[in-house]
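Here the structure comes first, spelled out in structure tokens, and everything after it is commentary.
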Amino acid sequence: MERLHVLICAGTGCTSSHSQEIAKQLKEEVRLAGLEEEVKIVKTGCFGLCQKGPIMAVYPDHIFYSHVTVDDVHEIVQEHFLKGRPVKRLELTDIDEETKEAIFNIDEIKFYAKQKRIALRNCGVINPEDIYEYIAKDGYQGLGKALTEMTPQQVIDEIMKSGLRGRGGGGFPTGRKWQFARNSVSDEKYVICNADEGDPGAFMDRSVLEGDPHAVLEAMAIAGYAIGASHGYVYIRAEYPIAVERLKVAIKAAKELGLLGEHILGTDFNFDIEIRLGAGAFVCGEETALIASIEGKRGMPVPRPPFPAVKGVWGKPTIINNVETLANVAQIIYKGADWFASIGTEGSKGTKVFALGGKIKNTGLVEVPMGTTLREVIYEIGGGCPNHKNFKAVQTGGPSGGCLTEESLDEPIDFDNLVRLGSMMGSGGMIVLDEDSCMVDVARFYMDFIVDESCGKCAPCRVGTKRLLELLTKICNGEGTIETLDELEKLSYQIKETALCGLGQTAPNPVLSTLRLFRDEYLAHVVDKRCPAGVCKALLRYTIDPNKCKKCSLCAKQCPVGAISGTVGKTPFEIDPAKCIRCGACMSTCRFGAIVRQ
């Protein structure tokens, strides 16, 4: 038995920061120190705290090393593994607010203390490429229970009773969707895992597949048993190479152990899974567009009904659940619906995974019980805005969602409440914005994304969103008027009412949300020709305060276009607004606060 287990994050974030090289060097240092029998090195999925990567956790010491480099490995082995002295400079710490003492234990650090992990329970804990580690964590117990102790209808009833709702954005009851598919009569049915995660800043599904792929495979098999399907597809974007590779490894291992394929666990149930790669089209997150893509057609939505549960891939009944939804299923069957239903709120059971990003200290993945407040997520788990900046808003639901302000920070997070507040849960993206964020520019950013991702099938989305982007760009460039705002709002409602699919119908949400909550910023752009946050370059003006100018010429030397003139030591310097390109180099250079941005 090894004395120490060293877990190294091998998710996309840490891998991009050379965690694979760290693992290789650690293995070599452990060998040189003669500790091969005492130290077990495990490459895991994402720990969640991406901002601190590359990450290394040491058990049973509960030591969490952050920002580890290859050069740190020798010191960790020599000091910690050999002498029992943790390397303090690399340890992630928190401060206890009552005692003011440092907290080193991983489980007590604020980022993790308020989380409850179900979908992410094995991420950062097991080797995702070792099926036996998954089995040791109750893996495939849910499938075994379903196949040997429950009828297909009892499985659906249990999912229904649990209150599990789809985590992909719509929040539709999972059990009800399964029931529709079970009731549909057909010689063949299908289960699809939607891993076509496309929201800007969202990486929840990727991390689950990289850190715990068997949780999804087990759930798909359970779903197949429940509805009477024998085949499943994981539809995943090709831009997720690590997740794709681990899925392949997991499918192969499950087949070898008889957990996929024919006569699973010695029963008459047969179920197989294939991987289908998507080309990164955001619209393929919509069910009918996803189905078209799997069938080899261009990913474009079609009107519903019929819904996929009645007529889906290849014209057969099909259920489509996203990764996070499926990651809950096996635990619900194994532990029971009452266990899951005891977590969360009346209308939103269980937990929700959020990709916390933007102007926040602790960027990464968090999983909290439904009903947790925005304040707890942003300030207690996320650590608030960096550099002592003031919180301004949080964008939830990605391009389909909306903004929430400080007034909503104490509101509980659940499906229905976020809609009531003018936003939505979406797949779980949560982008924090601070005082330096321009809300008009934020709306323009999301609209630019939507225009690029529209499939172009219907005119309201194809033409309407492009027109919205043009209007927002005019406003950011100082060319907008009050009439522009009126047209922006009117067109937004028209698109919502006439677009074919969910992408177009929700595309105007960021515009309408920011117009409602930050109309004063829009008015500043169109009336005063000023960007209060100092983001929109066309509306910026740099001037030099003659009373503070030291006549040193540093600003003039840094100006790339020669827009600053003056005489060294004699006259204050001035900026020619006609030549200024508003790059801000002068303001960054001046050490006396003489340059003002207006």
Side chain proximity check, [X] to [Y], heavy atoms < 4.5 angstrom:
{"X": "Cys461", "Y": "Ile495", "answer": "no"}
{"X": "Asp416", "Y": "Arg420", "answer": "no"}
{"X": "Asp199", "Y": "Pro399", "answer": "yes"}
{"X": "Arg167", "Y": "Arg165", "answer": "yes"}
{"X": "Leu468", "Y": "Ile450", "answer": "no"}
{"X": "Thr405", "Y": "Phe518", "answer": "yes"}
{"X": "Leu409", "Y": "Thr373", "answer": "no"}
{"X": "Glu453", "Y": "Val283", "answer": "no"}

Given salt bridge (charged side-chain N to carboxylate O under 4.0 Å, His left out), test Lys359 with Asp434 step by step and report yes or no.
CA-CA 6 Å; Lys359 305 294 184 67; Asp434 68 9; 3.2 Å; yes

For Phe111 and Val366: C-alpha separation, side-chain torsions, deciding distance, then whether side-chain contact (heavy atoms from CB on, under 4.5 Å) applies.
CA-CA 8 Å; Phe111 182 82; Val366 303; 3.6 Å; yes

Please check this pair: side chain of [X] against backbone of [Y], looking for a donor-acceptor N/O pair closer than 3.5 Å.
{"X": "Lys457", "Y": "Pro301", "result": "yes"}
{"X": "Gln505", "Y": "Leu500", "result": "yes"}
{"X": "Glu158", "Y": "Ala337", "result": "yes"}
{"X": "Glu286", "Y": "Leu503", "result": "no"}
{"X": "Asn417", "Y": "Pro412", "result": "yes"}
{"X": "Thr484", "Y": "Thr481", "result": "yes"}
{"X": "Glu367", "Y": "Ala119", "result": "yes"}
{"X": "Ser454", "Y": "Val451", "result": "no"}
{"X": "Arg444", "Y": "Leu472", "result": "no"}
{"X": "Asp441", "Y": "Cys476", "result": "no"}

Show the nearest heavy-atom pair for residues [X] and [Y], with the distance to one decimal.
{"X": "Phe415", "Y": "Met370", "value": "CE1-CE, 3.4 Å"}
{"X": "Lys177", "Y": "Glu287", "value": "NZ-OE2, 3.0 Å"}
{"X": "Ile475", "Y": "Leu539", "value": "O-CD1, 4.0 Å"}
{"X": "Thr44", "Y": "Pro128", "value": "CA-CD, 3.9 Å"}
{"X": "Ser184", "Y": "Val310", "value": "OG-CA, 3.7 Å"}
{"X": "Ile294", "Y": "Arg276", "value": "O-NE, 4.1 Å"}

Please say whether more than 12 non-hydrogen atoms of neighbouring residues, nucleotides or ligands are located less than 6.0 Å from [atom1] in [X].
{"X": "Phe172", "atom1": "CZ", "answer": "yes"}
{"X": "Arg541", "atom1": "CZ", "answer": "yes"}
{"X": "Lys361", "atom1": "NZ", "answer": "yes"}
{"X": "Lys311", "atom1": "NZ", "answer": "no"}
{"X": "Glu346", "atom1": "CD", "answer": "no"}

Taking atom types as modelled and ignoring hydrogens, do the side chains of [X] and [Y] form a donor-acceptor contact shorter than 3.5 angstrom?
{"X": "Thr396", "Y": "Ser423", "answer": "yes"}
{"X": "Thr506", "Y": "Asn509", "answer": "no"}
{"X": "Tyr240", "Y": "Glu197", "answer": "yes"}
{"X": "Glu210", "Y": "Thr12", "answer": "yes"}
{"X": "Ser408", "Y": "Glu411", "answer": "no"}

Please determine whether side-chain contact (heavy atoms from CB on, under 4.5 Å) holds for the pair Glu380 and Glu376, giving the CA-CA distance in whole Å, both sets of side-chain angles, and the decisive distance to 0.1 Å.
CA-CA 5 Å; Glu380 296 187 32; Glu376 289 175 291; 3.8 Å; yes

Can you tell me how the ring of Phe64 sits relative to the ring of Tyr112, calling it parallel under 30°, perpendicular over 60° and tilted otherwise?
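Tilted: the ring planes of Phe64 and Tyr112 meet at 30° to 60°.
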
Rounded to the nearest 0.5 Å, what separation is found between the [atom1] atom of [X] and the [atom2] atom of [Y]?
{"X": "Ser513", "Y": "Met424", "atom1": "OG", "atom2": "CE", "result": "12.0 Å"}
{"X": "Phe354", "Y": "Glu324", "atom1": "CZ", "atom2": "CD", "result": "8.5 Å"}
{"X": "Lys529", "Y": "Asn477", "atom1": "NZ", "atom2": "CG", "result": "10.5 Å"}
{"X": "Ile332", "Y": "Leu164", "atom1": "CD1", "atom2": "CG", "result": "4.5 Å"}
{"X": "Leu356", "Y": "Ile431", "atom1": "CG", "atom2": "CD1", "result": "8.0 Å"}
{"X": "Glu483", "Y": "Leu488", "atom1": "CD", "atom2": "CG", "result": "13.0 Å"}

Apply side-chain contact (heavy atoms from CB on, under 4.5 Å) to residues Leu485 and Glu489 and explain how you reach the verdict.
CA-CA 6 Å; Leu485 295 187; Glu489 192 164 19; over 6 Å; no

Kindly indicate, with the supporting measurements, whether the criterion salt bridge (charged side-chain N to carboxylate O under 4.0 Å, His left out) is fulfilled by Arg467 and Glu470.
CA-CA 5 Å; Arg467 179 59 180 156; Glu470 290 171 355; 3.3 Å; yes

Does this structure show an ion pair linking Glu521 with Lys392, if we count only N-O contacts that are shorter than 4.0 Å?
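A salt bridge is present here (some side-chain N lies under 4.0 Å from a carboxylate O).
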
Would Thr351 and Arg117 count as a side-chain contact (heavy atoms from CB on, under 4.5 Å) if you check the C-alpha gap in whole Å, the side-chain angles of each, and the deciding distance to 0.1 Å?
CA-CA 8 Å; Thr351 60; Arg117 295 189 151 206; over 6 Å; no

Just do the salt bridge (charged side-chain N to carboxylate O under 4.0 Å, His left out) check on Lys352 and Asp414 with the steps written out, would you?
CA-CA 9 Å; Lys352 181 71 188 80; Asp414 65 24; over 6 Å; no

